[in-house]
Amino acid sequence: MNYENIYIEEENNIATITINRPKKLNALNKRTISELHTAFKELDEDDEIRVIIVTGSGEKAFVAGADISEFADFSVKEGRKLAAEGQEILFDFVENLSTPVIAAVNGFALGGGLELAMSSHFRIASDNAKMGLPEVSLGVIPGYGGTQRLPQLVGKGRAMEIIMTAGMITADQALQYGLVNHVVPQEELLPLSLKIASRISNNSPVAIKYAIKAVNAGFKYDVNGYATEIDAFGTCFGTNDFKEGTSAFLEKRKADFPGS
Ligand code: COA
């Protein structure tokens, strides 16, 4: 696929996807969502890629939301379809990806932007970042999973306040709430993200895939997280990564995981 609105850089088994519509503060239009789906899918299928970082271009915005100009005249039916399709191809898709996804939040992360960051497995922010779900100020509610994932991350009361006020929280508040894991000056955002990604990339990709599955299972209403963990734990014993990891430990050497 020829990408218009994103670009991808790869280095040392880590891929960085940059959303690149800076004049529109990287707002997620239909094409960008489709490009992101393709990029995440292809990178997930690439055995060489062990971690994916997603960020926004420029110094001002990660993503300032879904592209309001595209849905301003939508009907009820079209509104439902927009949310359902977006959740399926991007937000749920990212959350359930086998490859770890880190959101490097480099500025405004609003509406769909914060929802994309929350779908990622964890978040790191620059100190100028501002986060919020401003949808009720537009007469709509978050539709890309925000009403579900924000309470999971910050608790129901804080999520209710953020959603109802349509306000923005600072990077430091987000850190205090547990919405982001680290806050650093903007120039340190990608270096720190790469450093953490590099640490992750040394570990078993198969075990990480099952860890993601087990953690996510605890947040699904129709799956038992503990049962998922037991099953995934057992499955690991049949993998080459487990043989390599345990052999390397016993032989006092660094593991070189085959990823199978
Ligand atoms: N959808 C479409 N276009 C958007 C956008 C969005 N979510 N967010 C920003 N843009 C566009 C603006 O329309 C503007 O385009 P223009 O130059 O062609 O007029 C451009 O990006 C720059 O934004 P601007 O508003 O001029 O920047 P600012 O620094 O004054 O304000 C924000 C920044 C983020 C506070 C403001 O852009 C904003 O409130 N955006 C919408 C946030 C939102 O409600 N998101 C949830 C959508 S569901």
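We use all heavy atoms of the structure for the numbers below, so side chains are in, but hydrogens, waters and symmetry mates are not. Counting starts at 1 for both ligands and their atoms, in listed order. Everything numeric in this text was worked out from a predicted model, so none of it was measured.
Residues Cys236 and Val206 form no side-chain contact, since every pair of their non-hydrogen atoms from C-beta on lies 4.5 Å or further apart. Inter-residue side-chain proximity for Thr99 and Arg50 is flagged as unmet; no heavy-atom pair is nearer than 4.5 Å. Under the 4.5 Å side-chain criterion, counting only non-hydrogen atoms from C-beta, Leu153 is in contact with Met118.
Of the protein's non-hydrogen atoms, Ala66 O, 3.6 Å is the one closest to atom 6 (C) of ligand 1. Nearest to atom 37 (O) of ligand 1 among the protein's heavy atoms is Leu25 CD1, 3.6 Å. For atom 5 (C) of ligand 1, the closest non-hydrogen atom on the protein side is Ala27 CB, 4.0 Å. Here the heavy atom of the protein found nearest to atom 15 (O) of ligand 1 is Lys24 NZ, 3.4 Å. Closest protein heavy atom to atom 1 (N) of ligand 1: Ile68 N, 3.0 Å. Ranking protein heavy atoms by distance to atom 35 (C) of ligand 1, first place goes to Met168 CE, 4.0 Å.
Per-residue contacts place Lys23 under 4.0 angstrom from the following atoms of ligand 1 (heavy atoms of the residue considered): 20 (C), 21 (O), 22 (C). Numbered from 1 in the order shown, with element, the atoms of ligand 1 that lie under 4.0 Å from a heavy atom of Leu110 read 34 (C), 42 (C). Close approach to Ala64 involves these atoms of ligand 1, each under 4.0 Å from a residue heavy atom: 7 (N), 8 (N), 41 (C), 42 (C), 43 (C), 45 (N). Shown in contact with Pro134 at under 4.0 Å from a heavy atom are these atoms of ligand 1, numbered in order with element: 43 (C), 44 (O), 45 (N), 46 (C). Under a 4.0 Å criterion applied to the non-hydrogen atoms of Lys60, ligand 1 contributes the atoms 27 (O), 28 (P), 29 (O).
To the nearest 0.5 angstrom, Glu9 atom CD is 5.5 Å from Thr18 atom OG1.
The shortest N or O to N or O distance between Phe71 and ligand 1 is not under 3.5 Å.
Between Glu229 and Lys213 there is no salt bridge, since no side-chain N of the basic residue sits under 4.0 Å from a carboxylate O of the acidic one. Of the charged side-chain nitrogens involved, at least one lies within less than 4.0 Å of a carboxylate oxygen, so that Asp92 and Arg149 count as a salt-bridged pair. In summary, Lys30 and Asp67 do not engage in a salt bridge, as defined by a charged side-chain N under 4.0 Å from a carboxylate O. Looking at Arg80 and Glu85, no side-chain N of the basic residue comes within less than 4.0 Å of a carboxylate O on the acidic one, giving no salt bridge.
Between Phe93 and His37, the two ring planes are tilted [angle within 30° to 60°].
For atom 19 (O) of ligand 1, no protein non-hydrogen atom is found at a distance below 4.0 Å. Distance check for atom 12 (C) of ligand 1: every protein heavy atom is found at 4.0 Å or beyond. Contact annotation for atom 39 (O) of ligand 1: protein absent (non-hydrogen atoms, distance under 4.0 Å). Less than 4.0 angstrom separates atom 43 (C) of ligand 1 from at least one non-hydrogen atom of the protein. At a distance under 4.0 Å, no protein heavy atom can be found next to atom 30 (O) of ligand 1.
Residues Ile19 and Val94 fall within the same hydrophobic cluster, defined by Ile, Leu, Val, Met, Phe, Trp and Tyr side chains chained together at heavy-atom separations under 4.5 Å.
Both the backbone and the side chain of Asp67 come within contact range of ligand 1, each with a heavy atom under 4.0 Å.
Within a 6.0 Å sphere centred on CD of Glu11, heavy atoms belonging to other residues, nucleotides or ligands number 12 at most.
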